[in-house]
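Everything below concerns the one structure shown next.
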Amino acid sequence: QAYACAFSLPVTTLMTGAAYPAAERVRPVRESGNLCYFGNIRCNRYLPLAEVGRELDRINEETGSSHRLNIYTAEQEPQILKSFDGIRSVRLCGFLSGDELEQAMDAADLLLHVEAFDEASMDFTRHSVSTKIADALARGIPLVAYGPGSLSSMRHLQRNGCALLASSREQLGQVLRSAFEDPALCCRTAEKGLAAAAAFHDKQKNTAVLRRILEDASRKA
């Protein structure tokens with residue numbers, strides 16, 4: 001919508017294709033103690049990640065549970081990593097790729113996507129949808145998302161009902177509790193995730209659409 005308005009031209013949105021083939025079915029929902037985040041924590045994403053960790057600490061204290069947030073990232077900046085000091089539920093697991101990344105994603109009970117709430121970060125990510133969202137939706141594992149509701153990534157997930165969404169700090173605790181305590185909701189969310197992956201994040205389909213758009217534009221030119 002934004003680009004169509006700016007350039008006064010017809011626009012087709014093509015989402016990033018998932019890096020791996022989509023799962024054939026939703027994986028049976030397990031006891032959700034293992035929340036996993038994969039990828040870059042810059043663009044101030046480390047701030048909402050720390051908030052999720054602190055909320056997990058509170059839930060663990062109140063319920064006697066042992067939920068964890070495993071963060072797989074190549075980040076080495078001490079000032080950024082310091083944000084997680086004292087958060088007992090957070091585990092910094094380092095960067096993975098290839099088969100190791102696939103295995104770690106499959107071992108997750110819940111997958112997590114976050115976006116920062118400050119204006120500069122929101123302006124930078126406003127019209128983008130993270131590549132990790134495509135990969136997460138294709139796994140057949142429930143996705144939890146925490147970030148401003150105005151961003152394209154969050155709007156994409158909300159439109160398709162394919163994530164448990166918290167768009168404010170006040171909503172975060174209840175959304176996390178639902179993710180841990182409501183397996184039926186998690187199963188429905190993961191099913192919608194697979195449907196969204198098939199509709200929007202199929203690499204071969206999107207490649208064919210892009211080819212058709214370029215061929216049509218070439219003929220018209």
Side-chain angles (χ1 to χ4, degrees), residues 27 29-97 100-118 121 125 130-137 139-148 151 153-154 157 162-183 185-186 189-190 193:
R27 195 194 62 195
V29 175
R30 302 188 293 232
E31 183 179 347
S32 300
N34 184 10
L35 182 63
C36 294
Y37 177 88
F38 297 88
N40 183 10
I41 64 173
R42 294 287 177 107
C43 291
N44 283 341
R45 290 189 179 104
Y46 63 91
L47 297 174
L49 283 171
E51 290 182 17
V52 171
R54 285 190 287 270
E55 191 61 43
L56 290 184
D57 281 355
R58 277 190 281 273
I59 292 172
N60 288 340
E61 282 186 25
E62 292 171 4
T63 65
S65 52
S66 55
H67 303 304
R68 284 187 323 222
L69 170 56
N70 296 328
I71 301 174
Y72 295 86
T73 180
E75 184 58 60
Q76 298 292 325
E77 175 59 48
Q79 283 301 111
I80 291 178
L81 299 180
K82 188 178 179 181
S83 302
F84 303 108
D85 287 354
I87 305 177
R88 297 182 299 279
S89 60
V90 169
R91 302 288 184 275
L92 296 173
C93 302
F95 176 76
L96 297 177
S97 62
E100 287 184 325
L101 174 60
E102 273 205 86
Q103 291 168 9
M105 290 186 77
D106 286 336
D109 298 314
L110 296 162
L111 298 173
L112 175 66
H113 175 73
V114 299
E115 296 288 0
F117 286 82
D118 64 282
S121 298
T125 60
S130 169
T131 57
K132 295 301 180 185
I133 286 180
D135 295 341
L137 295 177
R139 303 310 291 183
I141 299 171
L143 175 64
V144 177
Y146 176 43
L151 300 186
S153 56
M154 296 291 287
L157 296 172
C162 52
L164 288 83
L165 292 174
S167 56
S168 69
R169 180 68 185 81
E170 293 72 26
Q171 296 174 349
L172 181 60
Q174 184 55 54
V175 168
L176 289 173
R177 286 176 180 268
S178 295
F180 300 138
E181 299 169 4
D182 193 338
L185 174 62
C186 287
T189 302

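The shortest non-hydrogen separation linking N60 to S65 is OD1-OG, 2.9 Å. For T63 against I59, the heavy-atom pair with the smallest separation is OG1-O, 2.7 Å. The shortest heavy-atom contact between S121 and A116 is CB-CB, 3.7 Å. Of all heavy-atom pairs between P48 and N44, the closest is CD-O, 3.1 Å. Residues A179 and C186 approach most closely at O-SG, 3.2 Å, considering heavy atoms. Of all heavy-atom pairs between L96 and A104, the closest is CD1-CB, 3.5 Å.
Here CZ of F84 is found 4.0 Å from CD1 of I71. Values are rounded to the nearest 0.5 Å. Taken from NE2 in H113 to OG in S153, the straight-line distance is 4.0 Å, to the nearest 0.5 Å. Taking CG from L137 and CG from L111, the interatomic distance works out to 9.0 Å, rounded to the nearest 0.5 Å. Annotation: the span from F95 atom CZ to E100 atom CD amounts to 10.0 Å, rounded to 0.5 Å. R177 contributes atom CZ, which lies 10.5 Å from atom CG of L56 (distance to the nearest 0.5 angstrom). We find the CG-CZ distance between D109 and R68 to be 9.0 Å, quoted to the nearest 0.5 Å.
Taking a cutoff of 4.0 Å between a charged side-chain nitrogen and a carboxylate oxygen, E55 and R58 qualify as a salt bridge.
At distances below 3.5 Å, at least one donor-acceptor pair connects side-chain atoms of T73 with backbone N or O atoms of G39. Here the side chain of R169 pairs no donor or acceptor atom with the backbone of E51 at under 3.5 angstrom. The closest donor-acceptor contact from the side chain of S89 to the backbone of H67 lies at 3.5 Å or more, if one exists at all. Although no hydrogens or angles enter the test, the distance criterion places a donor-acceptor pair under 3.5 Å between the side chain of N34 and the main chain of A107.
Residues satisfying the side-chain hydrogen bond (donor to acceptor under 3.5 Å, both in side chains) test with Q174, not counting sequence neighbours, are S178. The salt bridge (charged side-chain N to carboxylate O under 4.0 Å, His left out) check on E102 picks up R139, with sequence neighbours excluded.
Counting only heavy atoms from C-beta outward, the side chains of L101 and D135 never approach each other to under 4.5 Å.
Between Y72 and F38, the angle of the ring planes stays under 30°, which puts this pair in the parallel group of the 30/60° scheme.
Residue pairs meeting the salt bridge (charged side-chain N to carboxylate O under 4.0 Å, His left out) criterion with at least one member in residues 33-47, sequence neighbours excluded: R42-E75, R45-E115.
For the side chain to side chain contact (heavy atoms under 4.5 Å, CB included) criterion with L143, the lone passing option out of L165, L157, T189, L112 is L157. Of the residues listed (L69, L164, L110, L35), the one engaging L176 in a side chain to side chain contact (heavy atoms under 4.5 Å, CB included) is L35, and it is the only one.
Aromatic rings of F117 and Y146 (six-membered ring for Trp) have centroids within the 6.0 Å cut-off, being under it.
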